[in-house]
Structure formats: C-alpha cells, structure tokens
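Chain identifiers are assigned alphabetically (A, B, ...) following the order of the sequence lines, protein sequences preceding nucleic acid strands; residue numbering begins at 1 within each chain. Hydrogens, waters and symmetry mates play no part in the numbers below; they use all other heavy atoms, side chains included.
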Amino acid sequence: MKIATYNVNGVNGRLPVLLRWLEESRPDYVCLQELKAPEEKFPLQAINDAGYEAIWHGQKSWNGVAILSRHGLPVEVTRVLPGDPEDLHSRYIEAEVSGITLGCLYLPNGNPAPGPKFDYKLGWFERFALHAKQHIDSGKPVVLAGDYNVIPTGRDVYKPERWVDDALFRPETRAAYEKVISQGWTDALRALYPDETIYTFWDYFRDAFGRNAGLRIDHFLLSPSIKDRLKSAGVDKNVRGWEKSSDHAPVWIELKN
DNA sequence: ATGCCGTTTGAGAAACGA
C-alpha cells in the first residue's frame with residue numbers, strides 16, 4: 001500500500017501537474033494540502049476521472065486539505081483538529097482507509113516569529129499533540145501525514161544558520177515536534193534514511209531547486225502498531241522540476257499489507 | 001540578506017506562503 005502527501009499550493013492551478021503525478025505514481029491514498037479553493041471549487045470530476053474518490057475541506061483563498069483514495073470513498077472521521085471551535089482554518093482532515101487511520105494536516109507556517117502567527121502555530125501544535133496522543137493511546141495503526149512546516153533538525157535544511165530565527169526552525173517549533181515524536185511516533189523517512197540529505201520543499205526563487213537549497217518539512221509519522229509495516233519511502237523530487245510545479249514535492253511511503 | 005516567485009482574489013494591488 002502506497003500513501004503519499006503533496007502540498008499542491010493551489011489545487012486548481014496545479015491540476016495538470018497533480019493529474020500527471022497521480023498517473024505516474026499511482027498512490028493508493030493521497031493527502032493534499034494548500035488547496036487554496038473553497039469547498040465548491042474542488043476539482044472532483046478531474047480527480048474522479050483520474051481514478052480517485054476524495055473527501056476534502058476547502059476554504060476560500062487559503063489552506064484546504066483533502067484525502068484521495070483509489071479504493072472507494074475514504075470514511076471521514078473529522079474535518080477539524082479538535083480543541084478550538086474558534087479556529088476556522090481548514091488544516092486537518094482524517095479518515096479510515098484500509099484499516100488505517102489517516103490524518104492529513106497542514107500545520108501553520110508561523111512567520112513572522114515572534115508574533116500572533118507564531119503563537120497560533122504553537123497553539124495548533126499543542127492541540128495536535130493532544131490529538132496525536134489519543135491516537136497513540138488507542139493502540140490503533142495511524143499515519144499522520146502532511147506539511148508540518150517544521151524543519152526537525154539541522155540536517156533537514158541546506159543552511160541551518162540562516163533559519164535559526166525562522167518559525168519553521170525555531171527552538172520552540174523543534175521542541176514541539178520532538179514532543180510529539182516522543183509520544184512514540186516514527187518519522188518514516190528519517191527512520192529509513194538516518195543519514196541522507198532529504199528535502200521536500202524548494203523555494204521558487206534564487207534558483208533554490210537548481211542549487212538544491214531545500215527543506216524537509218513534509219513528514220509521515222507512524223504509530224507504534226504500524227511502523228514495522230514500513231517497507232520503503234521517498235520524495236518524487238523530479239516533480240518539483242516540472243513546468244508549473246508546486247514549491248513542494250510529493251512524498252510517499254509504502255506499507256506491507 | 002532579502003518573499004527576488006507563485007497563487008488567489010478580483011480586476012490592481014495586496015495578502016500570504018516558507
């Protein structure tokens with residue numbers, strides 16, 4: 001079983017790239033982030049024609065998350081991150097697929113830091129940690145995939161010293177991520193490739209992709225009861241080089257059945 | 001060193017992303 005996550009940075013503007021990648025990669029399940037489309041503008045027909053069913057939570061202009069499935073409609077569990085009825089951002093959706101709970105998240109960026117946006121990020125992170133802990137306590141197989149907007153360590157960025165004051169790499173952010181990991185989650189790509197340089201995002205300018213000046217910020221966290229099924233993982237880096245690409249590349253894992 | 005580019009909204013410029 002192949003599960004992928006892809007921050008598309010606009011699902012409609014990205015549609016040709018998304019469809020081409022779906023056809024080439026053929027993941028069983030896909031988590032999408034940054035739809036940047038309201039609920040009614042999700043390109044369901046094109047997704048269906050590509051062989052996928054979908055659930056999604058849209059929002060005008062910003063955010064937006066979706067889960068695609070080649071094996072019937074995902075059974076939606078929730079389309080909000082619990083814990084704050086005031087939070088209206090579309091940043092979390094969760095479904096049951098093939099006996100797995102699959103959470104798709106778009107964690108807030110948090111820049112500039114410090115400031116209200118950074119406070120929102122850390123607050124969202126606390127709620128996410130509570131939700132993740134409930135999954136750990138359930139003992140069930142859970143995959144939490146998406147754009148975490150977290151550079152976990154200095155190994156995950158081309159020049160760490162330039163990012164120390166950035167919301168993606170500040171000590172508070174790394175500590176929040178580490179706190180979630182310490183509940184018992186496995187960072188799938190790092191587990192398989194402990195010493196490799198792996199990036200999932202390259203800025204649009206300064207020829208960041210050409211210089212491989214990237215960040216690893218899209219992650220798969222695996223609960224204890226599923227981590228031993230991890231077979232392989234990777235980044236479809238070539239997609240980042242396509243015309244009209246997102247600034248993120250798709251990331252995927254393969255699980256034993 | 002820096003939103004330098006890209007997307008969306010809405011019809012030009014601004015907000016936002018990382």
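- Computed from coordinates, the Glu34(A) CD to dT8(B) C1' distance equals 11 Å when rounded to whole Å.
- As a whole-Å value, the separation of Leu15(A) CG from dT8(B) P is 11 Å.
- Taking the P atom of each, dG6(B) and dA1(B) are spaced 23 Å apart, rounded to whole Å.
- Going from the P atom of dC16(B) to that of dC4(B) covers 15 Å, rounded to whole Å.
- Each of Val251(A), Val150(A), Leu168(A) was checked for a side chain to side chain contact (heavy atoms under 4.5 Å, CB included) with Ile217(A), and the lone residue meeting it is Leu168(A).
- A donor and an acceptor atom, one from each side chain of Glu94(A) and Thr78(A), are nowhere located under 3.5 Å apart.
- Distances shorter than 4.0 Å separate some side-chain N or O of Lys244(A) from OP1 or OP2 on dT7(B).
- If you measure from atom CZ of Phe201(A) to atom C1' of dC16(B), you get 13 Å, rounded to the nearest angstrom.
- One C1' atom belongs to dG12(B), the other to dT7(B), and the distance between them is 15 Å to the nearest Å.
- Taking the six-membered ring for Trp and the full ring otherwise, Phe169(A) and Trp163(A) have centroids separated by 6.0 Å or more.
- Side-chain N/O atoms of Lys117(A) include one lying less than 4.0 angstrom from OP1 or OP2 on dG17(B).
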Requested in this report: Check the pair Arg174(A), Glu178(A) against salt bridge (Lys or Arg N to Asp or Glu O under 4.0 Å), reporting the backbone distance first and the verdict last.
Outcome: CA-CA 6 Å; Arg174(A) 281 183 275 166; Glu178(A) 194 51 46; over 6 Å; no

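- Residue contacts shown for Asn111(A) include a base, since a base heavy atom lies under 4.0 Å away.
- Counting non-hydrogen atoms under 4.0 angstrom, Asn63(A) reaches nothing in the nucleic acid.
- Taking the C1' atom of each, dG17(B) and dG3(B) are spaced 8 Å apart, rounded to whole Å.
- Judged by closest nucleotide on DNA chain B, Lys41(A) is the one of Lys41(A) and Asp247(A) placed further toward the 5' end.
- In this structure, CG of Asp203(A) is placed 10 Å from P of dG6(B), rounded to the nearest angstrom.
- Among the atoms of the strands shown, only primed sugar atoms or phosphate atoms (P, OP1, OP2) are found under 4.0 Å from some heavy atom of Asp147(A).
- Ring-centre distance between Tyr92(A) and His131(A): below the 6.0 Å cut-off.
- Judged by the 6.0 Å distance and 45° axis criteria, Arg216(A) is not positioned over the aromatic ring of Tyr199(A).
- For Arg206(A) and dC5(B), the shortest distance from a side-chain N or O to OP1 or OP2 is not below 4.0 Å.
- Of the candidate nucleotides dC16(B), dG6(B), dT9(B), dC16(B) has the atom nearest to the side chain of Trp62(A).
- Ranked by how close their nearest DNA chain B nucleotide is to the 5' end, Arg91(A) and Ser245(A) are led by Ser245(A).
- Going from atom CG of Asn7(A) over to atom P of dT8(B) covers 12 Å, rounded to whole Å.
- Within residues 148-167 of chain A, the residues that have a heavy atom under 4.0 Å from DNA chain B are, in order of number, Asn149(A), Arg162(A).
- Taking the six-membered ring for Trp and the full ring otherwise, Tyr148(A) and Phe128(A) have centroids separated by under 6.0 Å.
- A distance of 10.0 Å separates NZ in Lys133(A) from OG in Ser182(A), rounded to the nearest 0.5 Å.
- Nucleotide dC16(B) holds its C1' atom 14 Å from the OH atom of Tyr120(A), rounded to whole Å.
- As rounded to whole Å, 14 Å separates atom P of dG17(B) from atom CZ of Phe205(A).
- The C1' atoms of dA15(B) and dG10(B) are separated by 13 Å, rounded to the nearest whole Å.
- Distance OH (Tyr106(A)) to P (dC16(B)): 12 Å, rounded to an integer number of Å.
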